[in-house]
Amino acid sequence: MTTPEPSTTRPEPAEPTVTQLGLPDRVPLGGLPASVRIHEVGPRDGLQNEKATLPVAVKAEFIARLAAAGLRTIEAASFVHPKWVPQLADAEELFPQLAELPAKYPVLRLPVLVPNERGLDRALANGVGDIAVFASATESFARRNLNRGVAESLEMFAPVVRRATEAGVPVRSYVSMAFGDPWEGPVPIDQVVSVGCALLELGSTELSLGDTIGTGTPGQVAALLAAFADRGVGPERLAVHFHDTYGQALANTLAALQGGVRTVDASAGGLGGCPYAKSATGNLATEDLVWMLHGLGIETGVDLDALAATSAWLAGELGRPSPSRAVRALTG
């Protein structure tokens with residue numbers, strides 16, 4: 001019997017990933033910031049629009065993975081009545097499971113959304129260090145989202161912002177429907193600026209301009225930033241929050257960066273939308289944003305591969321593919 005010769009065929013080496021190849025190639029554009037702070041909203045704004053409610057342990061692991069990937073501002077939960085957002089009804093259970101993260105990542109911030117003083121009380125009782133309030137530039141959305149008009153909602157937020165500030169807790173304000181409204185159509189720029197300035201005058205430290213239904217375009221972004229500048233509000237006090245309903249989120253982000261904005265909201269895996277505006281589809285995917293920023297030579301502190309792996313893992317927990325193009329490309 002003849003003994004077969006051992007095989008001399010070597011296995012093909014694994015094909016390197018695009019990031020191992022040094023992609024995206026970093027080619028800066030003039031006039032852009034050297035670094036951008038990403039305000040990650042996936043655990044709050046992303047999960048609130050999911051049909052399924054994830055176990056609190058999965059939410060805690062999601063946030064921990066995002067922090068490990070380098071994100072340092074992660075909107076963790078919402079202290080709203082469970083009737084309105086049942087997917088986030090477990091905020092009190094979640095926060096004790098996040099207690100060790102600030103020691104592990106000393107600059108980590110875990111803001112939460114609060115709708116009123118009762119929500120603020122719950123947040124403070126859980127040791128929350130940052131809060132956010134959510135206003136509207138239009139009457140139609142204010143009444144659907146908050147069950148009160150714009151002026152009434154500002155009155156409701158006033159004691160929330162005051163008490164939080166007195167407690168040493170910074171407040172971020174969102175102004176939604178800043179670029180278009182599904183019931184009213186185009187939203188006048190002066191109307192957005194008026195509401196935004198009112199929120200800042202209450203004591204908010206940052207204002208996030210929300211394209212809730214994703215109809216904004218780069219020209220609108222530039223015009224809105226210019227209008228705020230005319231009122232004495234510079235881009236250092238502003239953030240942008242784009243939805244990708246019509247594929248404009250990255251283009252709008254670039255326009256905002258060219259206007260001096262250095263804080264961009266995004267959602268890992270492109271999760272989210274808005275439960276009160278059915279035409280609002282997913283948020284700008286954090287991975288898509290990071291790919292563009294890194295290609296522009298802009299620092300984010302984010303490990304793109306780790307972030308994409310996190311979103312792929314969460315997609316498995318949700319039982320559906322990630323809508324992010326970058327996640328699909330990076331994870332296969």
Side-chain angles (χ1 to χ4, degrees), residues 24-41 45 136-138 141 173-182 184-197 206-267 270 272-274 277 279-300 323-326:
D25 192 10
R26 294 186 175 230
V27 182
L29 280 178
L32 299 182
S35 63
V36 161
R37 179 173 67 88
I38 297 175
H39 188 103
E40 172 61 48
V41 299
D45 191 23
S136 172
T138 67
F141 187 63
S173 288
Y174 287 94
V175 56
S176 58
M177 300 299 173
F179 296 88
D181 179 282
E184 299 182 18
V187 181
I189 286 179
D190 289 348
Q191 190 170 310
V192 179
V193 174
S194 177
V195 174
C197 287
E206 182 176 70
L207 180 70
S208 178
L209 307 173
D211 186 11
T212 313
I213 59 172
T215 58
T217 56
Q220 281 183 284
V221 175
L224 185 56
L225 295 179
F228 271 104
D230 289 343
R231 289 284 296 271
V233 178
E236 69 281 355
R237 300 191 69 186
L238 301 175
V240 288
H241 184 116
F242 295 120
H243 285 214
D244 206 30
T245 315
Y246 297 94
Q248 302 299 298
L250 284 176
N252 289 339
T253 298
L254 182 57
L257 298 178
Q258 291 170 328
V261 171
R262 294 183 57 180
T263 300
V264 180
D265 298 1
S267 177
C274 178
S279 55
T281 55
N283 288 292
L284 167 61
T286 311
E287 295 83 2
D288 297 6
L289 171 64
V290 171
W291 182 275
M292 183 184 79
L293 294 178
H294 287 184
L296 290 167
I298 297 173
E299 295 302 320
T300 65
S324 164
R325 292 178 177 86

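Residue numbers start at 1 and run along the sequence shown. The figures that follow rest on heavy atoms only: side chains count, while hydrogens, waters and symmetry mates do not.
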Just to verify, what does Ser136 make a side chain to side chain donor-acceptor pair (under 3.5 Å) with, not counting sequence neighbours? Thr138

Grab the two heavy atoms, one from Pro186 and one from Pro188, that are nearest each other, plus how far apart they are. O-CD, 3.7 Å

Is there a side-chain contact between Leu289 and Val36, using heavy atoms and a 4.5 Å cut-off? no

Is there any salt bridge (Lys or Arg N to Asp or Glu O under 4.0 Å) pair reaching into residues 207-224, and which pairs are they, with sequence neighbours excluded? none

Closest non-hydrogen atom pair, Ile38 against Ala266: CG2-CB, 4.3 Å

Evaluate the side-chain proximity of Val261 to Leu209: yes if any heavy-atom separation is below 4.5 Å, no if none is. no

Do Pro182 and Met177 make a side-chain contact, defined as non-hydrogen atoms from C-beta onward lying under 4.5 Å apart? yes

Could you check whether any side-chain N or O of Asp45 sits under 3.5 Å from a backbone N or O of Gly272, counting only pairs where one atom can act as donor and the other as acceptor? no

For residues Asp244 and Arg325, report the shortest heavy-atom separation together with the two atoms involved. OD2-NH1, 4.0 Å

Salt bridge (charged side-chain N to carboxylate O under 4.0 Å, His left out) partners of Asp265, counting only residues at least two apart: Arg172

At their closest point, which heavy atom of Ser176 faces which heavy atom of Thr212, and how far apart are they? CB-OG1, 3.3 Å

Is there a side-chain contact between Ile213 and Asp181 (heavy atoms, below 4.5 Å)? no

Looking at residues at least two apart in the chain, or sitting in another chain, which of them share a ring pair (Phe, Tyr, Trp, His ring centres under 6.0 Å) with His241? Tyr174, His243

Only distances under 3.5 Å count here; give the side-chain donor-acceptor pairs of residues 218-240 to other protein atoms, sequence neighbours excluded, each with its distance to 0.1 Å.
residue, atom, partner, partner atom, Å
Gln220, OE1, Thr217, N, 3.1
Gln220, NE2, Phe179, O, 3.1
Arg237, NH2, Ser204, O, 3.3

Over all heavy atoms of both residues, which pair between Pro33 and Ile298 is shortest? Give the atoms and the distance, please. O-CG1, 3.4 Å

Does anything in residues 284-299 pair up under side chain to side chain donor-acceptor pair (under 3.5 Å), and if so which pairs, sequence neighbours excluded? Arg26-Glu299, Glu40-Thr286, Glu287-Ser311, Asp288-Ser324, His294-Thr300

What's the shortest heavy-atom distance between Ser267 and Asn283, and which atoms? CB-CB, 3.6 Å

With a 4.5 Å cut-off on side-chain heavy atoms, are Leu257 and Leu29 touching? no

Qualifying side chain to side chain donor-acceptor pair (under 3.5 Å) pairs with a residue from residues 248-262, counting only residues at least two apart or across chains: Ser35-Arg262

